[in-house]
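Letters A, B, ... are given to chains in the order of the sequence lines, protein chains preceding strands, and every chain is numbered from 1.
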There are 2 protein chains.
Amino acid sequence: MTDRLTYKQDLTHCGLKKTRHRLVILDILDHSDQPVTAEQIFARLQDRRIAINLSTVYRTLDTLVLNKLVTRLSITQDGRALHEYNRRVHRHYLVCQGCRKIIPIDGCPLADYSRQLEQETGFQISGHKLDLYGFCPQCRQQHPEGQRTAHASDPKSQANCED
Amino acid sequence: MTDRLTYKQDLTHCGLKKTRHRLVILDILDHSDQPVTAEQIFARLQDRRIAINLSTVYRTLDTLVLNKLVTRLSITQDGRALHEYNRRVHRHYLVCQGCRKIIPIDGCPLADYSRQLEQETGFQISGHKLDLYGFCPQCRQQHPEGQRTAHASDPKSQANCED
DNA sequence: TTATGTGCAAAGGTTTTGCAATAGT
DNA sequence: ACTATTGCAAAACCTTTGCACATAA
C-alpha cells in the first residue's frame with residue numbers, strides 16, 4: 001500500500017496530469033488483493049459514488065499500463081483483462097481452479113533456466129510469464145473428486161496446463 | 001504429423017462424429033508450424049475451396065479443445081485465441097517480440113519447483129503455464145536498439161514479462 | 001491559454017447462440 | 001430414424017474510437 005502522494009509523484013514523473021479519476025483508480029488497484037478487471041474498477045468507483053464513464057476507465061488503464069504504473073496480467077478472467085498495481089516486483093501467480101482466487105508467489109525459479117536457454121537458442125530473452133494452477137487448501141476439501149479433471153470439463157479453462 | 005486414420009480414431013475415441021470439417025481442421029492444425037487462430041483456419045479452408053461457416057470453425061475448435069485433441073494456448077495474438085494440435089507433450093514456448101514467431105521448446109524446468117511449492121502453499125498444483133519472450137537471432141540483428149524496450153512502447157504487449 | 005483528459009454514443013473485433021436444415025451412425 | 005453437427009443471422013461480449021466539452025497546467 002502506498003499513499004496518495006506517491007501516486008501524484010508517479011503521475012508527474014510520467015508527465016501525466018494528476019486527475020481525480022487517475023488517483024482513485026491507482027488507489028483502488030493499490031488496495032486490491034486480487035487483480036481486477038476494468039468493469040470491477042468501474043463498479044468500485046460507483047460504490048464510492050464517483051461518476052465516471054466506463055470508457056474512461058479503459059483509457060486510464062491503458063495509460064497507466066503504458067506508463068508502467070499498472071501491470072496487465074496475462075491471466076484473463078473469461079476473456080477480460082486483469083490489472084494490478086505495479087509494485088515493481090517480478091512476480092508469479094498461483095491460480096485456484098476451484099474458487100478462481102489468485103495468489104502472488106514470491107521468488108522466481110527461472111533465472112538460471114532463462115540464461116541457459118539464451119545460449120541454446122540464440123534468442124535474447126527479455127522476460128517470461130509463468131502462472132501455476134491448482135486447488136487451494138479450501139477447495140481441495142470441498143471438491144476432492146474433480147481436482148485433477150476440473151479444467152478438462154471447462155471449455156473456458158486455460159490450456160498449457162498439464163501435469 | 002499424423003495421418004487421417006489417427007484423426008478418425010481420435011474422434012471415435014471421444015465419441016465425436018467423423019465429419020469432413022473436423023478431419024480437415026485437425027489436418028490443418030496438425031500441419032501448422034505455428035499456433036493458429038480460428039480466422040486463420042477459416043482462411044485455409046477457403047484456400048482449399050472448402051465451404052464452411054466461421055461459427056462452425058469456432059464450434060469445432062471448442063469441441064476439439066474440450067476433448068483435448070487440440071490445445072488452446074494462453075499466448076494470444078491481439079486478443080485472438082491460438083490453437084495447436086495436441087501432441088500430448090508438456091511444452092513451453094519462446095515468443096519473438098520482433099517477428100512474433102512462436103517456437104516450442106523442449107523440456108520443462110518446473111517439475112521440482114512445482115512440488116516444492118505444493119508443500120509451501122498447501123495447494124494441490126495441477127499444472128502451469130510458462131512462456132518466454134525475447135528476440136530471435138534474426139530480429140536481434142535487425143532491431144538491435146529496441147530490444148529491451150519494445151514491449152514497453154506497445155500497449156498490446158503482454159505484461160508479466162520482466163527481467 | 002493550451003494541451004490533455006473525459007463523457008457520450010457509436011462502432012470495432014472476436015466469439016457465442018438460437019433455430020431450422022443437414023449429415024453421420 | 002435419431003442425434004450430433006452445421007449454416008445463417010443475430011446477438012453478446014469486452015474494448016476502442018470520434019468528437020465536443022471540461023479540466024489541469
Side-chain angles (χ1 to χ4, degrees), chain A residues 4 7-26 35-43 45-46 50-67 69-70 72-83 154-159, chain B residues 4 7-26 35-43 45-46 50-67 69-70 72-83 154-159:
Chain A
R4 227 151 269 255
Y7 308 148
K8 290 189 180 175
Q9 287 172 345
D10 286 344
L11 290 172
T12 303
H13 181 261
C14 294
L16 297 172
K17 290 186 179 175
K18 301 181 274 295
T19 69
R20 182 171 181 218
H21 288 341
R22 286 180 181 156
L23 292 170
V24 191
I25 289 178
L26 280 170
V36 290
T37 65
E39 197 85 39
Q40 287 172 319
I41 290 175
F42 182 62
L45 285 163
Q46 314 241 60
I50 292 170
I52 190 173
N53 194 277
L54 181 56
S55 68
T56 303
V57 176
Y58 277 107
R59 269 194 280 231
T60 303
L61 285 172
D62 280 349
T63 303
L64 296 177
V65 168
L66 201 53
N67 287 278
L69 298 182
V70 167
R72 182 126 57 198
L73 302 204
S74 54
I75 309 167
T76 59
Q77 199 178 266
D78 288 322
R80 268 158 287 150
L82 288 172
H83 306 79
D154 174 13
K156 294 278 188 187
S157 73
Q158 297 282 1
Chain B
R4 229 151 268 256
Y7 308 148
K8 289 189 179 174
Q9 288 173 344
D10 286 343
L11 289 172
T12 304
H13 181 262
C14 294
L16 297 171
K17 291 186 178 173
K18 302 182 274 294
T19 70
R20 184 172 181 218
H21 289 341
R22 285 180 182 156
L23 292 171
V24 192
I25 289 177
L26 281 171
V36 289
T37 65
E39 197 83 39
Q40 286 172 319
I41 291 174
F42 182 62
L45 286 163
Q46 314 243 58
I50 293 170
I52 191 174
N53 193 278
L54 181 56
S55 67
T56 303
V57 177
Y58 276 107
R59 269 194 280 231
T60 303
L61 285 173
D62 279 349
T63 304
L64 296 176
V65 168
L66 201 53
N67 287 277
L69 298 182
V70 167
R72 182 126 58 198
L73 302 205
S74 54
I75 308 167
T76 59
Q77 198 177 268
D78 286 322
R80 268 159 286 151
L82 288 172
H83 305 80
D154 174 13
K156 294 276 187 187
S157 73
Q158 296 283 2

Polar atoms only, N or O, under 3.5 Å: list the protein pairs with nucleotides 8-11 of chain D and their distances.
residue	atom	partner	partner atom	Å
dC8(D)	N4	S55(B)	OG	3.4
dC8(D)	N4	R59(B)	NH2	3.2

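Under the side-chain contact (heavy atoms from CB on, under 4.5 Å) criterion, T56(B) pairs with H21(B), I52(B), N53(B), T60(B), sequence neighbours left out. Q9(B) is linked by a side-chain contact (heavy atoms from CB on, under 4.5 Å) to L5(B), counting only residues two or more places apart in sequence or in another chain. Applying the side chain to side chain donor-acceptor pair (under 3.5 Å) criterion to K18(A), with sequence neighbours excluded, gives T12(A). Not a single salt bridge (charged side-chain N to carboxylate O under 4.0 Å, His left out) links R59(B) to another residue, sequence neighbours left out.
Using a 4.5 Å heavy-atom threshold, the side chains of D62(A) and R72(A) count as touching. You'll find the side chain of D10(A) stays beyond 4.5 Å of the side chain of L16(A), heavy atoms only. Looking only at side-chain heavy atoms (C-beta outward), R80(B) and Q40(B) stay at 4.5 Å or farther from each other.
A donor-acceptor pair under 3.5 Å is formed between the side chain of H83(A) and the backbone N or O of V36(A).
Put simply, OH on Y58(B) is 15 Å from P on dG7(D), counting in whole angstrom units. Regarding L64(B), its CG atom lies at a distance of 10 Å from the P atom of dT5(D), rounded to whole Å. Between R80(B) atom CZ and dC14(D) atom C1' the separation is 15 Å, expressed in whole Å. Rounding to whole angstrom units, CG of residue D62(B) and C1' of dT16(C) are separated by 9 Å. Remark: P of dT5(D) and CG of L26(B) are 13 Å apart, rounded to the nearest angstrom. Computed from coordinates, the L11(B) CG to dA4(D) P distance equals 15 Å when rounded to whole Å. Atom-to-atom, CG of L45(A) to P of dT6(C) comes out at 11 Å; the value is rounded to the nearest Å. Between the CG atom of L66(B) and the C1' atom of dT5(D) there is a distance of 15 Å, rounded to whole Å.
Mapping L54(B) and L54(A) onto DNA chain C via the closest heavy atom, the residue that lands nearer the 5' end is L54(A).
Considering only side-chain atoms of A81(A), the nucleotide from dT15(D), dT16(C), dT6(D) that sits closest is dT15(D).
Contacts between residues 14-22 of chain B and DNA chain C, defined by a heavy-atom separation under 4.0 Å, are made by K17(B), K18(B).
With rounding to the nearest 0.5 Å, the separation of CG in N67(A) from CG in L11(A) is 8.5 Å. Considering CG of L73(B) and OG1 of T37(B), their distance stands at 11.5 Å, rounded to 0.5 Å. Between I25(A) atom CD1 and L64(A) atom CG the span is 7.0 Å, to the nearest 0.5 Å.
Direction of the helix axis in the helix from dT1(C)-dA25(D) to dT25(C)-dA1(D) shifts by 40° between the two five-pair termini, rounded to 10°.
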